[in-house]
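Below is one structure, written out as structure tokens, with a few remarks after it.
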Amino acid sequence: MSGRLVEELTRRAALAMREVFEVDADPEVRPTNDPRFGDYQINGVLPLARRIGGNPRQLATRLLEGLDLGDMCLPPEIAGPGFINLRLDPFWVAREAGRVASDPRANISPVQAPQCVVVDFSSPNVAKRMHVGHLRSTIIGDALVRTLRFLGHRVVGDNHVGDWGTQFGILLWAWERHADQAALDADPIGELERLYKLGSEAAKADPQVADACRAELAALQAGDPERLALWKRFVAISRADAEAIYARLGVSFDTWHGESFYHERLAGVVERLCERGLARESEGAIAVFFDEDGDLGGTPLLVQKSDGAYLYATSDVATAEYRIETYAPDRIVYVVDVRQSLHFKQLFATLEALGYDQVRFEHVGFGMMLGADGRPFRTRDGGTVTLAALLEEAEERILPIVAEKWPDASEDEQRDIARRVGYGAVKYADLSQNLTTDYRFDWDKFLAAEGNTGPYLQYALVRIRSVLREYEVRVGRPFVADGAPLRLEADQERELATELLKLGDALDSAARLSRPHIVCEYLFGVARRFSPFYAACPILGAPDEGLRDSRVALAVATARTLEIGLDCLNIPLLDRM
RNA sequence: GCGCCAGUAGCUCAGCCGGAUAGAGCAACGGCCUUCUAAGCCGUAGGUCAGAGGUUCGAGUCCUCUCUGGCGCGCCA
């Protein structure tokens, strides 16, 4: 067993199909949605009946003759028009759950065929402070990286910083006219923002200024030493600001290859696109054109402006090529705002036309973060909310609760708890939503320790850890799970234990589909099943020592599951809250 | 105008490649601290899956159309 039940059951069922019917077909193993039908069901017999003919129930009967479920399941039952219901054998569950308790990886082995995956995420623009618009990409990308990595894939997390575009022309222009060295020393990123705002407003108001900004950019890209030196300074300032945020979030990257990194490849990209007949001149610019029909219809992808400058599409092609040459990835995942989906469709079509069809290009698009009122998330006076301010607020909102509950704790400890809970709540709020649509950010909802929230999951873990500390006090030594089968007597114990065996499937699905909320849903289910167990089954006060140790082990297995899941999501863990 | 995404309980959302009687949480109502953290737990109630057709053994899920909302459509990223 690899710790993936669906995968294992699918493998065995597919094997049986091949032996009995001599066909390759998907047995369509799914969890049931009704306990009366067992734990899993094989649905694939019905489509098979249509394909090869015959009565589905009879086919199911024949399939069962060739189906070896080992000791995993009780004897399967055929139900309805031809479903096969599988019920996990309680002894098997007890044994596997015992192993979850004793294994640091909760019994989940690394995947047999690791892939190389490049994850492009966060990617803030230089010259601006990080704000809530950057949160989702950062959090979701980080979670995908960690989940893929836990599963054994080779992952390159790349921060594709916007450090070579139009904003530098604006910034340089503004610097030359409004530079304030003292302000830059005092509040570097604030000063950059001030300059950028000045420049961009001037450029918007006056076309001549806009031209001047473009000229500045051209001079920079042409390698003017003075401008390059300034550029380096600006980039460093932005990076320091971003790093401070990443440190608070615990996010890290393998590479920081910003757009400037690919600068020298851009001319070659355009040349190659033209040679291949993919791009051509149009209204003074150079663009890749697509068929009029379909999603890409009508609008071309611009790769060179009429003034000779390159665009982000050019840079994106160069970036993909670099990644393919350097890492030979199986997948390249772009965690970027869903509003750019047309751009990515065009980009991917272009890359495929260039012959890079061995790579799965994937745009993980996500919606906007809205306020609780459904309008864009803003400060009271309508300004952009910085990430720093958001994290600050999360901490400040939690702190009084901590101070009230743990008045004896030092202020440092109270702050530490408030940060872990507050930051965790913010992250979880983001991760637990399905990606595609906008979502409402509601402090009261996300900071609550009830419902599907970060604090609720942290709280479940805290209660387990507290029990384990108490065990140590009462027994005189820490509990060590020995991997023995559990004694699952109460319904609450069985349901919890069964749920714990599904972590591997949840992580697999989340990684395969790039949807971290699958992990959230799963962990919430675990925590929700832990509560009744905790309420109904005294752990340390169990009627006998054997049952006590079994329950402690079940608690340890639960903690392990939550720890691994939360760690993949990069939600902070804690001992008390 | 064309395209993308969404519409599921009062509210916020799940529903994995089409599977059996559509699930959670919040809010509402009723209970639970003398025992391991009550930032908690248990229970009750709540549905024309936007609407209309279609595909098939079977549709919240796939197709067509309509309505509503969000977003995107050549020299920004």
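The chains referred to below are lettered A, B, ... by the order of the sequence lines, with proteins before strands, and numbering in each begins at 1. For the numbers below, each heavy atom of this structure counts, side chains included, while hydrogens, waters and symmetry mates do not. As the structure is a computational prediction, the values presented were derived from the model and not from experiment.
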In whole Å, what separates the C1' atom of B:C76 from that of B:C16?
-> 38 Å
Of the listed nucleotides B:A6, B:U37, B:C16, the one nearest the side chain of A:Thr436 = B:A6
Separation of B:C17 P from A:Leu48 CG (nearest whole Å) = 21 Å
Between A:Asn452 and A:Asp34, the residue closer to the 5' end of RNA chain B by nearest nucleotide is A:Asp34
Let me know, please, whether A:Gly80 or A:Cys537 comes out on the 5' side of the other along RNA chain B by nearest nucleotide.
-> A:Gly80
For A:Pro532, report the nucleic acid contact type (base, sugar-phosphate, nothing); a contact means any heavy atom under 4.0 Å.
-> sugar-phosphate
From the options B:A39, B:G25, B:G19, select the nucleotide whose nearest atom is closest to the side chain of A:Ile401.
-> B:A39
B:C75 base to A:Ser306 side chain: any donor-acceptor pair below 3.5 Å?
-> yes
Reckon A:Phe524 touches a base, only the sugar-phosphate, or nothing at all at heavy-atom distances under 4.0 Å?
-> sugar-phosphate
A:Ser260-A:Asp163 side chain donor-acceptor pair, cut-off 3.5 Å | yes
In this structure, CZ of A:Phe290 is separated from OG1 of A:Thr299 (nearest 0.5 Å) by 8.0 Å
Centroid-to-centroid, A:Tyr428 to A:Phe446, below 6.0 Å?
-> no
Testing B:G74, B:A20, B:G72 for proximity to the side chain of A:Asn33, the answer is B:A20
Using the rule for Phe, Tyr, His and the six-membered ring of Trp, do A:Phe37 and B:A20 stack at under 5.5 Å and under 30°?
-> yes
Separation of B:G70 atom P from A:Arg375 atom CZ, nearest Å, is 13 Å
Closest to the A:Ser466 side chain: B:C36, B:C41, B:C75?
-> B:C36
Measure from the side-chain heavy atoms of A:Glu28 and tell me the nearest of B:C36, B:C71, B:G19.
-> B:G19
Starting at atom CZ of A:Arg51, determine the distance to atom P of B:C17, rounded to an integer number of angstrom.
-> 20 Å
Hey, does A:Arg36 reach any base, or is it just sugar-phosphate, or nothing, if we go heavy atoms under 4.0 Å?
-> base
Tell me what A:Asn434 touches on the nucleic acid: a base, only sugar-phosphate, or nothing, going by heavy atoms under 4.0 Å.
-> sugar-phosphate
Rounding to a whole Å, what distance do you find between A:Glu521:CD and B:G23:C1'?
-> 10 Å
Remember a base hit wins even if backbone is also touched, and classify A:Val6 as base, sugar-phosphate or nothing at under 4.0 Å, heavy atoms.
-> nothing
For A:Phe344 and B:A77, what is the distance between atoms CZ and P respectively, to the nearest whole Å?
-> 13 Å
Checking only heavy atoms, does the side chain of A:Arg465 share a donor-acceptor pair with the base of B:U37 at less than 3.5 Å?
-> no
Base of B:C13 relative to its sugar, syn (within 90° of 0) or anti?
-> anti
Look at the aromatic rings of A:Tyr439 and A:Phe441 and report parallel, tilted or perpendicular, splitting at 30° and 60°.
-> perpendicular
Answer with base, sugar-phosphate or nothing: what part of the nucleic acid does A:Asp337 contact at a heavy-atom distance below 4.0 Å?
-> nothing
When the ring planes of A:Tyr262 and A:His160 are compared, do they come out parallel, tilted or perpendicular, using 30° and 60° as the limits?
-> tilted
To the side chain of A:Ala79, which of B:C5, B:G25, B:A20 is closest?
-> B:A20
Can the ring centroids of A:Phe524 and A:Tyr456 be said to lie less than 6.0 angstrom from one another?
-> yes
Minimum-distance nucleotide (side-chain atoms of A:Ala285 versus B:A39, B:A38, B:C75) | B:C75
Taking the side chain of A:Arg515 as its heavy atoms from C-beta onward, which of B:G25, B:C4, B:G15 lies nearest to it?
-> B:G15
P atom, B:U66 versus B:C41: distance in rounded Å?
-> 47 Å
Please report, rounded to the nearest Å, how far the P atom of B:C17 is from the CG atom of A:Leu513.
-> 7 Å
Starting at atom CG of A:Asp373, determine the distance to atom C1' of B:U12, rounded to an integer number of angstrom.
-> 14 Å
Have a look at A:Glu283 and say if it touches a base, only the backbone sugar-phosphate, or nothing, with a 4.0 Å heavy-atom cut-off.
-> base
Nearest-angstrom distance, P atom, B:G51 to B:G7 | 12 Å
Going by the angle between their ring planes, with limits at 30° and 60°, are A:Phe234 and A:Phe168 parallel, tilted or perpendicular?
-> parallel
Does A:Lys128 put a side-chain nitrogen or oxygen below 4.0 Å from OP1 or OP2 of B:A77?
-> no
Which nucleotide sits closest to the side chain of A:His517: B:A20, B:U12, B:A14?
-> B:A14
Against the side chain of A:Leu302, the closest entry in B:C36, B:C13, B:C75 is B:C75
Please measure how far the C1' atom in B:U61 lies from the corresponding atom in B:G18, and state the result in whole Å.
-> 6 Å
Calculate the interatomic distance between A:Gln340 atom CD and B:G74 atom P; express it in whole Å.
-> 14 Å
Indicate, yes or no, whether a donor-acceptor pair under 3.5 Å links the base of B:A20 to the side chain of A:Asn43.
-> no
